[in-house]
Amino acid sequence: MNVTPLFSVVINTYNYAHYLRECIDSALNQTWPNVEVVVVDDGSTDNTREVVLSYGDRLNAIFQANGGQGSAVNAGFAACRGEWVIFLDADDKLHPDTVEVVMEAARVATSNVQYYLKVIDDASVDTGIRLPTRPMHEGDLRKVVALFRYYNSPPSSGNAYSRVFLQQVLPMPPEKWRISADAYLILAAPFYGFIDCVKRPLASYRRHGGGASDGGTRDLAGLRKFVHKELTKEIKRELYVRTVINSHRYLLQMRTYMSPTYCKYLLMDCELNREKFTINERIEILSQVFICAARWPNYEFTHRVMFIIWCLTAMLLPLNWLTKFAARTMLPHWRSKGRLNRVWQQPMQQPTD
């Protein structure tokens, strides 16, 4: 007798009661017949508890003191039992057939099934943007991650992980992953199995004013703070991936390359604090820019050229102009009004609905 595998949707929430009911309903109303929903309230101070308790025994509720995203992921995985797991952000929502399509795409050797996300606004209206904007990488990506510490993937809600993989990497260190805990799983997954992709959107990703990341301030002190914060994230990502790679000895001798994002923030840190960097250090950073432009996967010729133009412009501008330039071009492309940034961020290929 065939038994339908259990699938778990773990919802992590912190003060997102306004969106939470829509999120929970999307998980409960899947076409796949065997789905469990786990909600982890990470110390919310709004009416999240009331919303969660209103569902009764239709879901498994966990209430804990605020420990950050990594802590919530750990708690949710410990409580769920599914063979496959989606960690769904509380302001996002699944499409009705998400789990069914994921289970059709999953293979025994797969650690992560990725799918595109529709970007919606506060009112759940489709903005027409798809994430990621460029085609996702798939297959055996160990060498890609070893070389570039990156592969093209969607945010947390666009990933479904096998329990076999998760059991090997969780729990994660919660104090190190209070935010961006999805990076921990996304970057580790290629070393424990294949990455498979569904070539259409299976969930909606909400873009609103309450997100954790922001930038583009025209104030010099604020811009320095923003660049330092983002550069710290990139350094942490690099250190984590190096730790993962070190556990796979056949990859140890491979050279690694800086990502475009890492190059941008390192370059901006250098230009905003020119007195701290020698001319040789600036030349070394510029050489990394050209290496990154030449080597980076999934970039068309236009993207490589625009990336070099952006970096050269940042290096040549005087400080007062650099602040204005950064304010217009370092914002996410859906919010920026800078023509240069819009051209640079043009997607190579939009996935179909």
To check you understand the geometry: which heavy-atom pair defines the closest contact between [X] and [Y], and what is its length?
X	Y	value
Ala90	Tyr16	CB-CB, 4.0 Å
Asn15	Ser44	N-OG, 2.8 Å
Ala189	Tyr151	CB-OH, 4.2 Å
Pro201	Lys118	CB-CG, 3.7 Å
Trp321	Leu317	CE3-CD2, 3.9 Å
Met136	Pro154	SD-CD, 3.6 Å

May I ask you to say whether [X] pairs ionically with [Y], meaning some side-chain N is under 4.0 Å from a carboxylate O?
X	Y	result
Asp89	Lys93	no
Glu138	Lys199	yes
Glu281	Lys276	no

Taking the six-membered ring of Phe63, is the NZ or CZ of Arg49 close enough (under 6.0 Å from the centre) and on axis enough (within 45°)? yes
Classify the ring geometry of Phe87 against Phe77: parallel below 30°, tilted from 30° to 60°, perpendicular beyond 60°. tilted
Classify the ring geometry of Trp177 against Tyr184: parallel below 30°, tilted from 30° to 60°, perpendicular beyond 60°. perpendicular
Does the side chain of [X] reach to within under 4.5 Å of the side chain of [Y], using non-hydrogen atoms?
X	Y	result
Ile62	Asp41	no
Tyr19	Arg206	yes
Val227	Leu272	yes
Leu94	Val9	yes
Leu267	Cys311	yes
Ile24	Ile11	yes

Looking at [X] and [Y], would you say the former's side chain and the latter's main chain have a donor-acceptor pair under 3.5 Å?
X	Y	value
Glu100	Thr31	no
Ser54	Val51	yes
Gln30	His95	yes
Thr313	Ile309	yes
Asp182	Pro155	no
Ser162	Phe165	yes
Asn112	Ile195	no
Arg178	Gly70	no
Asn74	Met172	yes
Arg304	Trp296	yes

Quick check for you: to the nearest 0.5 Å, what is the distance between [X] atom [atom1] and [Y] atom [atom2]?
X	Y	atom1	atom2	result
Leu88	Ser8	CG	OG	12.5 Å
Asp121	Asp126	CG	CG	9.0 Å
Leu286	Ile308	CG	CD1	9.0 Å

Name all residues meeting the salt bridge (charged side-chain N to carboxylate O under 4.0 Å, His left out) criterion together with Arg107; count only those two or more places apart in sequence or in a different chain, and write none if there are none. Asp196
Cluster question for you: counting only ILVMFWY and a side-chain heavy-atom cut-off of under 4.5 Å, with indirect links fine, are [X] and [Y] together?
X	Y	answer
Leu6	Leu59	no
Tyr192	Val85	yes
Ile120	Tyr205	no
Tyr116	Val125	no
Val101	Val108	no

I'd like to check the side chain to side chain contact (heavy atoms under 4.5 Å, CB included) partners of Thr232; sequence neighbours left out, ordered by chain and number. His228
With sequence neighbours excluded, tell me which residues meet side chain to side chain contact (heavy atoms under 4.5 Å, CB included) with Glu83. Pro5
Would Arg207 and Asp92 satisfy salt bridge (charged side-chain N to carboxylate O under 4.0 Å, His left out), going step by step from the backbone distance to the final call? CA-CA 9 Å; Arg207 176 62 61 182; Asp92 299 340; over 6 Å; no
Worked verdict on Glu36 versus Arg58 for salt bridge (charged side-chain N to carboxylate O under 4.0 Å, His left out): CA-CA 8 Å; Glu36 70 166 355; Arg58 297 179 66 194; over 6 Å; no
Residues, nucleotides or ligands: over 12 heavy atoms within 6.0 Å of Arg274 CZ: yes
Does the separation of the ring centres of Trp310 and Phe325 fall below 6.0 angstrom? yes
Below 6.0 angstrom between ring centroids: does that apply to Trp84 and Tyr161? no
Run the numbers on Phe7 and Trp32 for ring-ring contact (aromatic ring centres under 6.0 Å, His included), then give the verdict. CA-CA 8 Å; Phe7 197 105; Trp32 187 256; 7.7 Å; no
